[in-house]
Novice: 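Have a look at this one before I ask anything.
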Amino acid sequence: MNEATASPKLPRHIGIIMDGNGRWAKSRGASRHEGHRAGVENIRPIIRATADIGVQFLSLYAFSTENWRRPSLEVQGLMTLLGEFLDREVDNLIAENVRIRHLGSFDGIANHLSHKISQAVARTQHCTRITLGVAFNYGGRQDIVNAVRHIVARGTPANQITEEMISQHLSSHDIPDPDFIIRTSGEWRLSNFLIWEAAYSEYWTTPVFWPDFTPQHLQQAIDDYAKRDRRYGGLSKST
Ligand code: FPP
């Protein structure tokens with residue numbers, strides 16, 4: 001599907017803030033790690049459902065730059081889960097024609113995990129059905145700072161720095177801005193996720209915790225999106 005044929009009612013790019021793994025675990029008397037593990041198990045069905053609906057880009061917030069503040073055991077657990085996810089799923093993702101992109105930085109990530117991420121990106125670069133943005137060690141403010149540093153470092157005069165230039169230096173530079181951001185677990189925050197790119201995104205939240213978020217919830221969200229009147233700061237078509 002290209003831009004000319006895509007339905008304006010279908011988001012081209014969905015971002016998901018996968019929240020509530022800890023509360024999901026607590027409600028079952030399980031550990032937080034078990035909650036994150038259940039969260040990872042939910043990723044593949046949601047990627048598949050998103051692709052089946054015809055959405056071209058899906059970005060998942062898996063580990064934020066602020067998540068380093070969590071206990072080191074939990075942080076290590078999340079790193080291990082990403083490594084296991086990539087070991088287990090890259091072949092399946094290739095079979096399903098899913099291209100992986102990494103959003104964020106490798107700073108502070110162990111070499112063996114950075115290597116796995118780079119390998120997953122390289123091995124799936126030919127895939128065309130859907131692009132999966134994995135926001136891992138991602139912070140929107142940090143991404144903007146890095147972009148501006150690159151622009152300044154190459155000697156661009158201040159009065160020539162444009163919005164377009166900043167967009168082109170973000171880690172999402174080859175991905176369209178998200179049309180729609182979904183957050184599970186009933187929270188209403190962006191939490192530093194794609195903050196530049198989400199300037200005109202529509203938002204949707206559900207009380208459902210991420211491990212319980214199903215393709216039916218996704219469809220419900222997309223149906224809701226289809227009713228929205230996106231104005232981008234202009235006037236409604238019906239005004
Ligand atoms: C929020 O749950 C979730 C995260 C910290 C990130 C999302 C992580 C996953 C789905 C698993 C990791 C995925 C990969 C690919 C490594 P929370 O701990 O904030 O839940 P709570 O607010 O209920 O405590």
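Keep in mind the model is a prediction, meaning the values are calculated, not measured. Every number for a ligand or one of its atoms is a count from 1 in the order of the listing. What you see below is based on every heavy atom in this structure, not just the backbone, and it leaves out hydrogens, waters and symmetry mates.
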Novice: Which ligand 1 atoms are under 4.0 Å away from a heavy-atom of Asp19?
Specialist: 1 (C), 2 (O), 17 (P), 19 (O), 20 (O), 22 (O)

Novice: Which residue and non-hydrogen atom of the protein lie closest to atom 13 (C) of ligand 1, and at what distance in Å?
Specialist: Val40 CG2, 3.6 Å

Novice: Go through ligand 1 atom by atom and flag the ones less than 4.0 Å from a non-hydrogen atom of Leu78.
Specialist: 12 (C), 16 (C)

Novice: With a 4.0 Å cut-off, would you call Arg48 and Glu96 a salt bridge?
Specialist: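 Yes.
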
Novice: Starting from atom 20 (O) of ligand 1, which protein heavy atom do you reach first, and at what distance in Å?
Specialist: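 Here the nearest protein heavy atom works out to Gly22 N, 3.0 Å.
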
Novice: For ligand 1, which atoms sit closer than 4.0 Å to a heavy atom of Leu82?
Specialist: 15 (C), 16 (C)

Novice: Show the atoms of ligand 1 that are less than 4.0 angstrom away from any heavy atom in Trp210.
Specialist: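 Per the distance check, 10 (C).
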
Novice: Answer yes or no: is there an ion pair linking Glu34 with Arg28, defined by an N-O contact shorter than 4.0 Å?
Specialist: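 So Glu34 does not pair with Arg28 through a salt bridge.
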
Novice: Go through it in stages, so that I can follow the logic: the residues are Asp212 and Arg23, the test is salt bridge (charged side-chain N to carboxylate O under 4.0 Å, His left out), and I'd like the CA-CA distance, side-chain angles, deciding distance and then a yes or no.
Specialist: CA-CA 11 Å; Asp212 289 332; Arg23 280 162 285 166; over 6 Å; no

Novice: Using 4.0 Å as the upper bound for N to carboxylate O, is an ion pair formed by Asp179 and Arg228?
Specialist: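 Judged by the 4.0 Å cut-off on N to carboxylate O distance, Arg228 and Asp179 do not form a salt bridge.
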
Novice: Provide, to 0.1 Å, the distance between atom 5 (C) of ligand 1 and the closest protein heavy atom, together with that atom's residue and name.
Specialist: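 Looking only at protein heavy atoms, the one closest to atom 5 (C) of ligand 1 is Arg70 NH1, 3.6 Å.
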
Novice: Return the residue, atom name and 0.1 Å-rounded distance of the protein heavy atom closest to atom 2 (O) of ligand 1.
Specialist: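 For atom 2 (O) of ligand 1, the nearest protein heavy atom comes out as Asn21 N, 3.3 Å.
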
Novice: Measuring from the heavy atoms of Lys26, does anything fall under 4.0 Å of ligand 1?
Specialist: no

Novice: Out of Ala38, Ala62, Ala135, Ser191, who is nearest to atom 8 (C) of ligand 1 when you count heavy atoms only?
Specialist: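 Going through Ala38, Ala62, Ala135, Ser191 one by one, Ala62 has the nearest heavy atom to atom 8 (C) of ligand 1.
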
Novice: Look at atom 22 (O) of ligand 1 and say which protein heavy atom is nearest, naming residue and atom and giving the distance to 0.1 Å.
Specialist: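 It is Arg23 NH2, 2.9 Å.
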
Novice: Distance-only criterion, 3.5 Å: show the donor-acceptor pairs between side-chain atoms of residues 109-117 and protein atoms not counting sequence neighbours.
Specialist:
| unit_1 | atom_1 | unit_2 | atom_2 | d |
| --- | --- | --- | --- | --- |
| Ser114 | OG | Ala110 | O | 3.3 |
| Lys116 | NZ | Asp87 | OD1 | 3.3 |
| Lys116 | NZ | Asp87 | OD2 | 3.0 |

Novice: Is Tyr61 near ligand 1, meaning one of its heavy atoms is under 4.0 Å from it?
Specialist: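 Yes, Tyr61 has a heavy atom closer than 4.0 Å to ligand 1.
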
Novice: Which protein non-hydrogen atom lies closest to atom 3 (C) of ligand 1, naming both residue and atom, and how far is it?
Specialist: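 Protein heavy atom at minimum distance: Met18 O, 3.0 Å.
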
Novice: Going through the distances and angles, do Phe180 and Ser201 end up as a side-chain contact (heavy atoms from CB on, under 4.5 Å)?
Specialist: CA-CA 5 Å; Phe180 196 32; Ser201 303; over 6 Å; no

Novice: For atom NE2 of His169, is the number of surrounding heavy atoms from other residues, nucleotides or ligands below 6.0 Å larger than 12?
Specialist: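 Yes, NE2 of His169 has more than 12 neighbouring heavy atoms, counting only those of other groups under 6.0 Å.
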
Novice: Any atoms of ligand 1 less than 4.0 Å from a non-hydrogen atom of Arg32? List them with their elements.
Specialist: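 Near Arg32, the atoms of ligand 1 are 17 (P), 18 (O), 24 (O).
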
Novice: Counting C-beta onward and ignoring hydrogens, is there a side-chain heavy-atom pair between Ile181 and Phe193 closer than 4.5 Å?
Specialist: yes

Novice: Do other residues, nucleotides or ligands put more than 12 heavy atoms under 6.0 Å from Arg69 CZ?
Specialist: no

